[in-house]
There are 2 protein chains.
Amino acid sequence: MLVRPGSAGGGADGSGTRERILAIALDLFVEQGYEETSLRQIAERVGVTKAALYYHFRSKDEILLTLHEPVHELMRNAMVRLENPASGGGMWMTFLDWLIDQVAVHSRLLLMYQRNATALGAVHRKDPDGVQRHHRGPDVEPEQLFLRMLGDPAFSLDDRVRMAGSLAVVVAGAGLAMRPAAGAVDPAELARILKVAVRDLLRVGPPTPPPLPPPLPA
Amino acid sequence: MLVRPGSAGGGADGSGTRERILAIALDLFVEQGYEETSLRQIAERVGVTKAALYYHFRSKDEILLTLHEPVHELMRNAMVRLENPASGGGMWMTFLDWLIDQVAVHSRLLLMYQRNATALGAVHRKDPDGVQRHHRGPDVEPEQLFLRMLGDPAFSLDDRVRMAGSLAVVVAGAGLAMRPAAGAVDPAELARILKVAVRDLLRVGPPTPPPLPPPLPA
DNA sequence: GTCTATAATGTGATAGAC
DNA sequence: GTCTATCACATTATAGAC
């Protein structure tokens, strides 16, 4: 589920320790954050010693990077779609629809990214080559990817705000699904709602379905 | 600007070292994050030794908490406004308008919070009393404050998504203004745009201005 | 109010046995 | 593939001189 098997150097990992390390690290990184989580803590929960972790991973950073690999892949994929010159204004909408579907699948990973973006950036700055080694493709921080586009003077400030905003809405929606306080949420329904919501924000598509109880007198 | 003078224990701080510590810590916390920033680094940049920092602050955590005090105050203020039973649906819009104005003023502080929410949460969990001591009022993490409301079953999932989304749009807009890559942004114009945008997302107010012509007919 | 010096601790990481 | 034992280092924090 998390990683493809047979990715690292050595022999077959019969007991699946590597996967368990990743799963538990993901839990802890989401709960406490990367910096606040020590290798001792991870090892304890996995049921091995610190040294054992170093058999499976070269460093703590590498655990973080391995977990973020799917996120990076998602972002690379996103970039390719955005750079496709097929359409002008509709491109962004098409992209968002795709993203919404992706987000429903990877919501937990994205939550981890959201909580550890700062730490990931630090790792990124400290050892860019180490990041490169982990996944081919352009070595861009996901966040930077969109900032570049948002700086494009071809868009008005209004457009840029709404583009950045629509992205934020999607992420917030994904976050909503992850919070236990928000109750169980049907991913499919959430995706459907998000797609309509971003259309309202971006003022495209169907004019705007009115809410049933009018919340504010016009 | 950042803190009220005469807040800490000792005598008058003639040279304003305390304020300089806070200002520089803010810079570093925004740039690198709280965990990645060491006291040595702060002291170096201020031009004093590590020990000097401990004259002004009891711990590293206290520096973070002091910086977040205005943020907490903002959140407490927000909660009071939201719990005001004056209006039903319009309440949220009124609240957002107020928030947008506040965000324009405190954008830098909010960016710090956004980047260090995880670290702040860790401090929060580790020493809740220490947080309490810093600012009277309910001891709630800002993030938790809204999650509570978003869990209210009185709202449909669609409403909740749009409420959470509108909040995210405001935060994203503030973030946009802080990024050098996004170019200079007039805060007043940004605020105006945001207020219209969240109305579109929440489907209240003026029906929906079209994209191309000037989007504010008042 | 700031310094020097140092304590106390935890961290990520390595070496080598089994 | 996992262990024990240990290293080297940076960190927060304290004590006491000036």
Side-chain angles (χ1 to χ4, degrees), chain A residues 3 5-25 28-29 32-67 116 119-120 122-127 130-131, chain B residues 3 5-25 28-29 32-67 116 119-120 122-123 125-127 130:
Chain A
V3 291
S7 57
D13 195 323
S15 52
T17 306
R18 186 188 155 94
E19 278 70 18
R20 283 175 47 230
I21 292 173
L22 287 173
I24 285 178
L28 290 171
F29 291 170
Q32 317 175 335
Y34 175 70
E35 301 287 346
E36 291 82 7
T37 302
S38 68
L39 293 178
R40 178 186 57 75
Q41 212 173 355
I42 296 175
E44 229 164 51
R45 213 129 123 177
V46 174
V48 296
T49 61
K50 272 193 299 174
L53 301 183
Y54 279 92
Y55 173 80
H56 295 280
F57 300 94
R58 281 192 206 154
S59 66
K60 188 188 178 188
D61 288 355
E62 192 172 273
I63 298 179
L64 185 71
L65 291 177
T66 302
L67 283 173
N116 296 298
L120 186 65
V123 171
H124 218 170
R125 273 192 305 274
K126 179 177 154 191
D127 182 16
V131 182
Chain B
V3 292
S7 57
D13 196 324
S15 52
T17 305
R18 186 188 155 94
E19 278 70 18
R20 282 175 49 230
I21 292 173
L22 287 173
I24 284 178
L28 290 171
F29 291 169
Q32 317 175 333
Y34 175 70
E35 300 288 345
E36 290 83 6
T37 301
S38 68
L39 292 178
R40 178 186 57 74
Q41 213 173 354
I42 296 175
E44 230 164 50
R45 212 129 122 178
V46 175
V48 295
T49 61
K50 276 191 295 176
L53 302 183
Y54 279 93
Y55 173 80
H56 295 280
F57 301 93
R58 279 193 205 154
S59 66
K60 187 188 178 189
D61 288 355
E62 193 172 273
I63 297 180
L64 186 71
L65 291 177
T66 302
L67 283 173
N116 296 297
L120 185 65
V123 171
R125 274 193 305 274
K126 180 177 155 191
D127 181 18

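Chain letters run A, B, ... following the sequence lines, proteins first, then strands; residues in each count from 1.
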Does any part of the side chain of [Y], heavy atoms only, come nearer than 4.5 Å to the side chain of [X], both counted from C-beta?
| X | Y | value |
| --- | --- | --- |
| B:Q41 | B:Q32 | yes |
| B:I42 | B:F29 | yes |
| B:I21 | B:T17 | yes |
| B:L22 | B:F57 | yes |
| B:L120 | B:L65 | yes |

Point to revise | B:T17 vs C:dG1: side-chain N/O to OP1/OP2 distance below 4.0 Å | key: no
Exercise for review: Measure from the side-chain N and O atoms of B:Y34 to the backbone N and O of B:D61, and report whether any donor-acceptor pair falls under 3.5 Å.
Suggested key: yes
Review point. Would you say the side-chain atoms of A:N116 pair up with the backbone N or O of A:A119, donor to acceptor, closer than 3.5 Å?
Key: no
Least distance between heavy atoms, [X] atom then [Y] atom:
| X | Y | answer |
| --- | --- | --- |
| A:T66 | A:E62 | OG1-O, 2.6 Å |
| A:I63 | A:L39 | CD1-CD2, 4.3 Å |
| B:L28 | B:T37 | O-OG1, 3.5 Å |

Point to revise | Per B:K60 side chain, nearest of listed nucleotides D:dA13, D:dT2, C:dT2 | key: D:dA13
Check your understanding: Counting side-chain heavy atoms from CB outward, which of C:dA13, D:dT2, D:dA13 is closest to A:Y55?
Key -> D:dT2
Study note, to complete from the structure: One would report the end-axis bend of the helix from C:dG1-D:dC18 to C:dC18-D:dG1, five pairs per end and rounded to 10 degrees, as 10°
Do any N or O atoms of the protein come closer than 3.5 Å to N or O atoms of nucleotides 3-6 of chain D, and which pairs are they?
unit_1: D:dC3; atom_1: OP2; unit_2: A:T49; atom_2: N; d: 2.7
unit_1: D:dC3; atom_1: OP2; unit_2: A:T49; atom_2: OG1; d: 3.1

Exercise for review: Mind listing the residues from residues 32-44 of chain B sitting with a heavy atom below 4.0 Å of DNA chain C? Number order is fine.
Suggested key: none
Could you tell me the separation between the [atom1] atom of [X] and the [atom2] atom of [N], rounded to a whole number of Å?
| X | N | atom1 | atom2 | answer |
| --- | --- | --- | --- | --- |
| A:F57 | D:dT2 | CZ | P | 11 Å |
| B:Y54 | C:dA7 | OH | P | 17 Å |
| A:L53 | C:dT11 | CG | P | 13 Å |
| A:D61 | C:dT11 | CG | P | 16 Å |

**Study point:** A:R58 atom CZ: more than 12 heavy-atom contacts under 6.0 Å
**Key:** no
